[in-house]
Amino acid sequence: MPSTLIIGAGGVGAATAHKCAQHNDELGDICLASRTLYKCEAVIEAIKEKGNAKIQNREISTAQVDAMDTEQVAALINSTQSTLVLNVASPYCNKTIMEACLETGAHYLDTAVYEQEGYINEQPPWYANYEWKYRDAFSASGITGVLGIGFDPGAVNAFCAYVHKHTIDTVDTIDIMDVNAGNHGRFFATNFDPETNLREIMEDVIYWENGDFVSIPHHSKSMTYDFPELGEHKVYSMGHDELHSLPFNIPSKRIEFWMGFNDQYINCFKVLKELGLLSNQPVDVEGNAVVPIRLLKAVLPEPSSLAKDYSGKVCIGCLVKGSQSGKDTEVFIYTICDHKECYKEIGSQAISYTTAVPLVTAALLVTRGDWNVQRLVNVEELNPDPFMELMPKLGLDWDLQQS
Ligand code: NDP
């Protein structure tokens with residue numbers, strides 16, 4: 001029987017724990033582990049309160065772990081007899097958790113590319129700098145690693161693979177677009193880990209064009225797109241994980257990622273940046289070394305705390321242009337998710353929910369065998385069909401507009 005270890009008890013970790021509990025007939029005993037134990041315990045209480053476990057008497061436990069310590073993670077995998085590890089902690093922890101999986105033989109899934117503390121503007125392709133170096137070791141051990149299986153990266157990579165497989169045999173361009181038209185009622189907040197989120201917005205934009213990576217300053221390129229249900233929104237070109245694997249698996253002339261920001265967000269971001277509060281370099285504060293972005297993280301709302309007041313919807317999708325059997329074709333493949341619906345079901349906001357559902361869908365596919373490929377892969381290397389069929393059953397439907 002499989003057994004599942006979730007590492008990280010933030011917004012995404014909580015949503016992942018609820019979704020795993022809803023499928024504990026297949027995912028087995030669940031352990032939610034993180035740096036701060038009480039956060040894990042609160043999540044387990046919430047799962048019980050909502051009656052979200054499918055098999056009530058199957059174990060759902062908690063543990064304290066420092067995921068930067070391979071030996072601690074390996075010991076926890078062994079003591080919980082976990083066959084599957086879902087890494088939803090900080091991206092700083094990817095390498096140590098991957099190494100623990102290699103040591104113990106557990107399958108590995110994550111939702112964000114590795115980041116090095118105190119380092120920005122990593123050279124492309126990001127996956128080659130860290131994760132892909134473990135490919136041979138995963139193949140030799142016969143364990144499966146699925147990189148970047150949240151929504152973006154994650155479901156959008158499967159969307160591209162699905163369109164390439166069924167609708168557009170020659171891809172010209174891929175524009176991945178993510179717009180959150182929701183309102184959390186706070187002056188300024190990030191929807192997931194502030195350190196990761198603000199860093200990805202602040203970095204130079206890297207995208208793929210004409211066989212190479214191109215770099216431009218952040219917020220220097222924007223467009224307006226008319227999203228299904230949400231209407232017109234301004235989106236900005238931004239560097240993102242997907243762009244560092246898709247070009248190698250789905251040949252395209254241009255692949256770009258766009259994120260929607262409203263004027264309030266952009267103004268706050270500019271002020272924080274100009275004041276130096278987004279810096280990851282320590283400054284001396286009365287004899288103490290303080291990293292400004294860590295200070296900011298400490299005073300901003302916890303992403304998971306936004307859920308109860310969030311209203312509105314999110315749309316994330318891929319605009320793929322190209323041709324099928326020589327005939328020009330254009331497809332927008334997307335998911336829409338409602339913040340309030342997510343809160344009603346599992347107490348999460350839509351950003352955490354849309355990350356957790358693809359992750360748990362993939363966990364089920366690895367467990368069932370469809371995605372148990374026994375090597376380290378990015379999502380678009382896998383057969384998209386079982387994923388596209390299963391994800392709606394876990395709570396996220398998708399649609400495709402073709403012209
Ligand atoms: P949070 O900051 O809310 O939560 C992160 C959790 O990880 C916290 O519980 C934190 O513990 C824990 N953690 C951090 N470092 C360690 C460590 N060394 N050992 C053990 N636990 C640790 O982030 P989110 O839940 O919002 O995001 C989680 C991940 O999901 C991030 O990697 C993010 O980039 C990714 N993500 C991916 C998306 C996608 O679509 N692909 C979308 C959104 C997020 P503590 O509480 O003690 O700080």
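Whatever order the structure lists them in is the order used to number ligands and atoms, beginning at 1.
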S.K.: Please step through side-chain hydrogen bond (donor to acceptor under 3.5 Å, both in side chains) for the pair N383 and Y162, ending with a clear verdict.
M.R.: CA-CA 8 Å; N383 178 8; Y162 183 81; over 6 Å; no
S.K.: Cut-off 3.5 Å, no hydrogens considered: what does the side-chain donor-acceptor table look like for residues 43-50, sequence neighbours left out?
M.R.:
from, atom 1, to, atom 2, distance (Å)
K50, NZ, K344, O, 3.2

S.K.: Got a list of side-chain donor-acceptor pairs under 3.5 Å for residues 385-394, not counting sequence neighbours?
M.R.:
from, atom 1, to, atom 2, distance (Å)
D385, OD1, H166, NE2, 2.7
D385, OD2, K165, NZ, 2.7
D385, OD2, H166, NE2, 3.4

S.K.: For a quick check: using heavy atoms under 4.0 Å, what are the residues in contact with ligand 1, sorted by chain and number?
M.R.: G8, A9, G10, G11, V12, S34, R35, T36, K39, V65, D66, A67, M68, V88, A89, S90, P91, C93, T111, A112, G150, F151, D152, P153, F192, D193, T196, T355
S.K.: Please table the atom pairs, donor to acceptor, closer than 3.5 Å between any side-chain atom in residues 99-106 and protein atoms at least two apart or in another chain.
M.R.:
from, atom 1, to, atom 2, distance (Å)
E99, OE2, Y134, OH, 2.4
T104, OG1, A100, O, 2.8
T104, OG1, C101, O, 3.4

S.K.: State yes or no: are the ring centers of W258 and Y225 separated by less than 6.0 Å?
M.R.: no
S.K.: Using a strict 4.0 Å threshold on nitrogen-to-oxygen distance, state whether E256 and R254 make a salt bridge.
M.R.: yes
